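Please read the structure below before turning to the comments.
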Amino acid sequence: MTTWVYSFKEAAGKSKQLLGGKGAGLSEMTKIGLPVPPGFVITTKTCLTYLEKKDFPQGMWPQVLANLAKIEKATGKGFGNPKNPLLVSVRSGAVISMPGMMDTVLNLGLNQETLKGLAKKTNNERFAFDAYRRFIQMFANIVMGVPLEKFETFLESERRRLKIKDDTQFSAENLQKIITSYLSIYQEETGKNFPQDPKKQLKAAIKAVFDSWNNKRAIDYRNFNKIPHELGTAVSVQTMVFGNMGQSSGTGVAFTRNPATGEKKLYGEFLVNAQGEDVVAGIRTPKPIEELKKVWPKIFTNINQIAQNLEKHYRDTQDLEFTIEEGKLWLLQTRTGKRTAQAAVNIAYDMVKEKLIDQKEAILRIEPEQISRLLHTQIDPKAKLNIIAKGLAASPGAATGQVVFTADEAEEKGKAGKKVILVRPETSPDDVHGVLQSRGVLTARGGMTSHAAVVARGLGKPCVSGCEEITIDTKKGIFKTNKKTIKQGETITINGSTGEIIAGAVPMIEAKITSKMKSILAWADKIAKLSVWANADYPRDAKKAVSFGARGIGLCRTEHMFMEQERLPFVQEMILAKNEKERKAPLKKIGQFQKNDFMGIFKAMKEKPVIIRLIDPPLHEFLPQKEEIKKKINQAKNKKDKDRWQKMLTTLEKMAESNPMLGLRGCRLGILMPDIVRMQTRAIIEAALAINKKQKKPVKFKIMVPLVNNLEELKFVKKEVLLEAKKIFNRKGEKLHFEIGTMIELPRAALVADKIAKEAQFFSFGTNDLTQTTLGISRDDAEGKFLAYYQDLGIIKTSPFQTLDQEGVGQLINLAVKRGRKAKKDLSIGICGEHGGDPDSIAFCHLAGLNYVSCSPYRVPVARIAAAHAAINEKEA
Ligand code: ADP
Ligand code: MG
Ligand code: MG
């Protein structure tokens, strides 16, 4: 018979896959003797079966009842027993933590009878009513789908009528009346009476929590975080303990280290006389945990001790939920603490120094994408700021954007490419789709552990929470601070590292790499097999790349230099020229520009390798649009001008291609106009000779031929390059070593890689063109039009232009590597193009046996971590 249900005691040692993170944590804590209220876990497998059959699997319910009996025995209470009632929580908990995305019902087991019993037993009528009120509201919302508003609006009117600020001020009598009204709201909304049979309550709650796996916010969250939809949630049913029993009770959350900075110090928040959901829901703003020291010093020491033990046990930062019931401490959850990128790096480094983990593990603890966040912008400290309010610094980094007041609007505008800041009284998990599309989040209420804060930190977006000086009027579309009124659509900046709200946009600066991060990146380089190079077209990019640890330049696109204002006229003159003779003068000019650029790049790279690609794009890209030329013809003031524009139009028309991407470009251009190849060769070699005079080790450069289809093309261009090089060497009486290689970016080139390898000294996969030509999809035409739709439909999982299509394009790469190296054993092979900075694609490149990946300078640190991950994961697999 299948075991669908495990008590916390029995469950210890079972997999997290089966128990969910929460169930596993509760079982583990039970095992190591921490004070955990007794309970049991219904497995994720049960959930999957339930979701498929729309009903509990056979045999599950009796197991639930048997485990309930065990709790009754352990606590001495009875489920539905009016004299000494057992109340439970029904909690969701997925394998991968999805904080707040699914549902939990508290205080289950209450009805008119047990309510009286609870009041009498605890000698606390007010508390019992408070618990029942919460239960009705949660059950109605989660199980029956009644909007929370129905209750909240009523409660708010009661607060106003009774002039109450905080729910703890409601008297027993107040609450009793509220309950009566709640019960009739329930009746009106559902057409049913509130269920009185605790077993029926339990059955319905378990189903609802299973179903919450597929609620909108959970699906949004999984889509964004690439969490599979097939995992299901486990359900934990657990004896209730009460933080809302008065002034000697409370509840809170604690991180074993600071989740924003990584500092090794207990960090968290708590509320006196409150139930757990009050802290996370952000309804009341909680107190920092240090104050616990003053209120309940013994408990503070106790939590600290437990925090340290748990950290040693799990060898990682933990995020704990605790409740204090009349002076007794209970633990309700432990999980790996989510942290900011900065904290992740600091904690990983510190834990290596504390000998809790080794370097490999430290690297695995850092998500490559987290590194990219650390390289993101901060507010320039020299900037003059018009600070209009201050809240809690809930998630670091800064962002500027237009104010929007609803998640839907944030989603709509964000998707349309607008920069928005979502401003809310408090965010609920239902706002997640809006948070995803915002640059940052500002909330008026809620603490550092409110949902807004947790979600934003997870996403690496700035968040300021608990900014109580602002009042928001969603209807009017404004928010007010003590200093200023901001309208919807106005621009503000939030600084999630300081909590400041600033009117307007402000100058930002880029973050720099800290010494701890440098150490970890250096550990990563030792482990990685792939080396990481950068794509850089300008000396400034090359400098940035070196500062981020690039070991070379894998792609220098010379034509970007053609586009600049002062150069473009010469490039256009070159294009308009009818023959080599007419091209001579403009080419000479362009050659001088190129030489200077190459000198700058070589200088920045010292003796690190630089791969320069010969001209690649179709020439019409350097001419203005047809319409614009026509306008110029009409506006021309003299004949000479008019003739020039007319000539340009004729040339453009002659050059028109139906598929420029597949037309006259790449090496084809160089073959038709070899004088361009010769000019570029001269510029490169003369630059290298000039720099060589200034440094000890010679410049290491390689010339790369783009868009080669067959060996003869490569031979042709190579001959031109070598002849020109020889001429220069003869003239100068100097010599230089350099290599000539090719891009592999057409399927045919990959197929005949063995032949091409005979003439190529290196290969570099141009995976952008290779993807386009293998898939027959033009990126620019596809991304805006059908690729996103394909993703929605599930036809493709990710864009093949972001993550390499391993199944298709990957085969060509593997084949080309094999054939290329068969012809030339030590052939150096790399990849350039955006895939070179994508962690999944990097893992593939590692397995394919490439020598390097080349990506944009900002992705270099990300790629260094990803390359180390790939090496570690291969070993472990
Ligand atoms: P989430 O995953 O959204 O944090 P939880 O299942 O952890 O949901 O529960 C929500 C809140 O209710 C938490 O603050 C938790 O500590 C509290 N809670 C859950 N079960 C109990 C219980 N048995 N006794 C007291 N508080 C509980
Ligand atoms: Mg929780
Ligand atoms: Mg290309």
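As the structure lists them, so they are numbered: ligands from 1, and atoms in each ligand from 1. Since the structure is predicted, the reported quantities are computational estimates derived from the model, not experimental observations.
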*Polar contact flag for L332 and ligand 1 (N/O pairs, less than 3.5 Å)*: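 No, since none of the N or O atoms of L332 sits under 3.5 Å from an N or O of ligand 1.
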*Ignoring angles and geometry beyond distance, decide whether R91 reaches within less than 3.5 Å of ligand 1 through its nitrogen or oxygen atoms.*
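Right, the criterion is met.
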_Just by distance, no angles: are the side chains of N304 and T301 close enough, under 3.5 Å, to form a donor-acceptor pair?_
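There is no such pair (donor and acceptor under 3.5 Å, judged by atom type) between the side chains of N304 and T301.
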_Q318 side chain vs T256 backbone, donor-acceptor pair below 3.5 Å_ =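 Absent.
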_Whether the side chain of K461 engages the backbone of L436 through a donor-acceptor N/O pair (distance < 3.5 Å, no angle test) should be reported._
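Answer holds: yes.
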*Report the member of M240, R335, E321, Q333 with the shortest heavy-atom distance to atom 22 (C) of ligand 1.*
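Checking each option, the heavy atom nearest atom 22 (C) of ligand 1 is found in M240.
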*For atom 23 (N) of ligand 1, which of T239, V237, L26, V36 has the closest heavy atom?*
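Looking at heavy atoms only, T239 sits closest to atom 23 (N) of ligand 1.
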*Show your reasoning for whether salt bridge (Lys or Arg N to Asp or Glu O under 4.0 Å) applies to K293 and E290.*
CA-CA 6 Å; K293 225 190 276 184; E290 269 92 70; over 6 Å; no
*Tell me, please: is K22 in heavy-atom contact with ligand 1, that is, under 4.0 Å?*
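Under 4.0 Å: yes for K22.
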*Taking the Mg ion (ligand 2) as the reference point, name the nearest N/O/S atom of E321.*
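The nearest such atom is OE2.
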*asked:* Taking salt bridge (charged side-chain N to carboxylate O under 4.0 Å, His left out) as the criterion, tell me which of R339, R257, K338, R335 meets it with D316.
replied: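 Answer after filtering R339, R257, K338, R335: R339.
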_Using a distance threshold of 2.8 Å, state whether an N, O or S atom of Q333 lies below it from the Mg ion (ligand 2)._
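Given the 2.8 Å cut-off, Q333 counts as a ligand of the Mg ion (ligand 2).
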*Beyond-backbone contact of S181 with E158, side-chain heavy atoms, under 4.5 angstrom*: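 S181 vs E158: side chains apart.
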